[in-house]
Amino acid sequence: FTVFPVADLGIPPLIQAENLAALAPYLRGRKLVLLISSPGYVREEGPQRREGYDGNFSRLHATEALTSLRLRPEIRRDFARRMRDYPGSLENDPLLDATTATLADTTVAGAWAYALLWPLNQARLLLLRASDAARVINELRGHLPPRPAPQPAPQWDELLAHAESTYRANSASNPFSFGDAWWTRYGAMLSRQQGRGSDSGFAAHMADSPWWRDLELGLATLRAEGARPLVLNIPLAGTFLTYAGVSPAARAAYYDRLHRLSERYGFPVVDLREHDQDRLFLSDQDGHPSPAGWVHLDRMINAFYHDSLR
């Protein structure tokens, strides 16, 4: 099979949810993997994350999410309210600003105003879809990817042994087995984090993170469209978090919350909490998998695709 990504580096879950809403006509019955970057759900939302939203914002996808009749009105309203938390994406766009404002308004006046804007949004969608299709055709002209050749079944144990051996040789400079290049750049700062965290602080950041609401928007969209997702979690950097003062019991609350949310929508979840203290899984404290981590993730994705996930 071929992987078709709908997200990339630095894209927060609200953008992913908007992308999924735009793909709504193509999701029914299809398998997809929601890859969860765990640090984002247990940290404050700072300027860098806002830049990640504004830099990846799509008027087409946002308008699809705000006007899709496939989504329940309350889901569209939640999309609107979250979009208004990022005013930078609404600047210089009076129609989108007005649409989010009226949709977020639960009064009768708000409903009428949203209805009056409906024809304008439909006209905009026609233009944006046409422009998007033209750009895609132009991008693919002469560059259609070849059909993937049949491959033998992966020898996962051999792949993992090779990945771990390779990564171990490039992560020996620190007690957390973060990549040597990463440690050279950030090691001094990370070394100063010993004991500076706490279970209460971790729990507070997790409770306050808006990413949980955005993940729920994505899950609600997928259920409304009849998709068949797997929620696949990248584990926390447990060894480093223990060093920083966050206990395994506090971290377990993160995995448990992810399970409860996914199961509320009837979707399977693989949280990989058994790798929470696997020092070879992550290349840094920010949730980027090492080569060995990617083998574990790829193994889960392959099993999900072939209906052999346990």
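Bear in mind that the values here come from a model prediction, so they are computed numbers and not experimental data. In what follows, residues are counted from 1 in the order of the sequence shown.
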Can you tell if the side chain of [X] reaches within under 4.5 Å of the side chain of [Y], non-hydrogen atoms only?
X	Y	result
Arg135	Asn138	no
Leu282	Ser290	no
Ile15	Asn19	yes
Arg70	Pro25	yes
Gln285	Gln193	no
Arg213	Pro210	yes

Test salt bridge (charged side-chain N to carboxylate O under 4.0 Å, His left out) on Lys31 and Asp307 and set out the steps.
CA-CA 10 Å; Lys31 290 183 175 180; Asp307 295 318; 2.6 Å; yes

Stepwise side-chain hydrogen bond (donor to acceptor under 3.5 Å, both in side chains) test for Asp180 and Ser171
CA-CA 5 Å; Asp180 288 338; Ser171 60; 5.6 Å; no

Identify the two heavy atoms, one from [X] and one from [Y], that lie closest to each other, and give their separation to 0.1 Å.
X	Y	result
Pro39	Gly287	CG-N, 3.7 Å
Leu297	Asn233	CD2-O, 4.3 Å
Ser283	Tyr167	CA-OH, 3.1 Å
Leu32	Phe304	O-CE2, 3.6 Å
Gly29	Arg228	O-CD, 3.3 Å
Thr67	Tyr114	CA-OH, 3.7 Å

Between [atom1] of [X] and [atom2] of [Y], what distance do you get to the nearest 0.5 Å?
X	Y	atom1	atom2	value
Leu66	Leu96	CG	CG	6.0 Å
Leu258	Glu263	CG	CD	9.0 Å
Leu23	Glu64	CG	CD	9.0 Å
Met300	Trp156	CE	CH2	8.5 Å
His162	Gln155	NE2	CD	14.5 Å
Asp78	Leu14	CG	CG	11.0 Å

Test of understanding: with ring-ring contact (aromatic ring centres under 6.0 Å, His included), list the residues that count as partners of [X], not counting sequence neighbours.
X	answer
Phe176	Phe178, Trp183, Phe240, Tyr243
Tyr186	Trp182
His275	Phe281, His296

Does [X] belong to the same Ile/Leu/Val/Met/Phe/Trp/Tyr cluster as [Y], with side-chain heavy atoms less than 4.5 Å apart forming each link?
X	Y	answer
Trp212	Val246	yes
Trp211	Leu241	yes
Tyr41	Leu34	yes
Ile75	Leu103	yes
Leu160	Leu309	no

So does [X] pair up with [Y], basic N to acidic O under 4.0 Å?
X	Y	value
Asp93	Arg59	yes
Asp278	Arg273	no
Arg251	Asp256	no
Arg264	Glu216	yes

What's the verdict on side chain to side chain contact (heavy atoms under 4.5 Å, CB included) for Tyr26 and Glu225, showing C-alpha distance, side-chain angles and the deciding distance?
CA-CA 9 Å; Tyr26 312 102; Glu225 299 304 333; over 6 Å; no

Take Phe267 and Leu222 through the side chain to side chain contact (heavy atoms under 4.5 Å, CB included) test and state the conclusion after the steps.
CA-CA 10 Å; Phe267 298 144; Leu222 292 172; 4.1 Å; yes

Counting neighbours of [atom1] on [X] that are heavy atoms of other residues, nucleotides or ligands and sit closer than 6.0 Å, is the number greater than 12?
X	atom1	result
Arg185	CZ	no
Trp112	CH2	no
Glu74	CD	yes
Arg30	CZ	no

Decide side-chain hydrogen bond (donor to acceptor under 3.5 Å, both in side chains) for Tyr53 and Arg82; before the verdict, give the C-alpha distance in whole Å, the side-chain angles of both, and the deciding distance to 0.1 Å.
CA-CA 11 Å; Tyr53 179 87; Arg82 280 296 286 139; over 6 Å; no

Flag, side chain of [X] to backbone of [Y], donor-acceptor distance under 3.5 Å:
X	Y	value
Ser198	Gly201	yes
Thr166	Ala163	no
Ser68	Ala65	no
Asp199	Ser247	yes
Ser209	Val42	no

Using a 4.5 Å side-chain heavy-atom cut-off and chaining through intermediate ILVMFWY residues, the residues clustered with Ile137 come out as none

For residues 280-295, which residue pairs qualify under salt bridge (Lys or Arg N to Asp or Glu O under 4.0 Å), counting only residues two or more places apart or in two chains?
Arg43-Asp286

Worked verdict on Arg124 versus Asn121 for side-chain hydrogen bond (donor to acceptor under 3.5 Å, both in side chains)
CA-CA 5 Å; Arg124 163 176 271 192; Asn121 277 307; 5.3 Å; no

Looking at residues at least two apart in the chain, or sitting in another chain, which of them share a side-chain hydrogen bond (donor to acceptor under 3.5 Å, both in side chains) with Arg84?
Asp97, Thr100

Looking at Leu20, Asp214, Leu261, which hits side chain to side chain contact (heavy atoms under 4.5 Å, CB included) with Leu219?
Leu261

Under the criterion side chain to side chain contact (heavy atoms under 4.5 Å, CB included), I'd like the reasoning laid out for Val231 against Val270: C-alpha separation, chi angles, the key distance, then a yes or no.
CA-CA 6 Å; Val231 179; Val270 175; over 6 Å; no

Begin with the C-alpha distance, continue with both residues' side-chain angles, and end with the deciding distance and a verdict on side chain to side chain contact (heavy atoms under 4.5 Å, CB included) for Leu272 and Leu232.
CA-CA 8 Å; Leu272 293 178; Leu232 180 58; 4.2 Å; yes

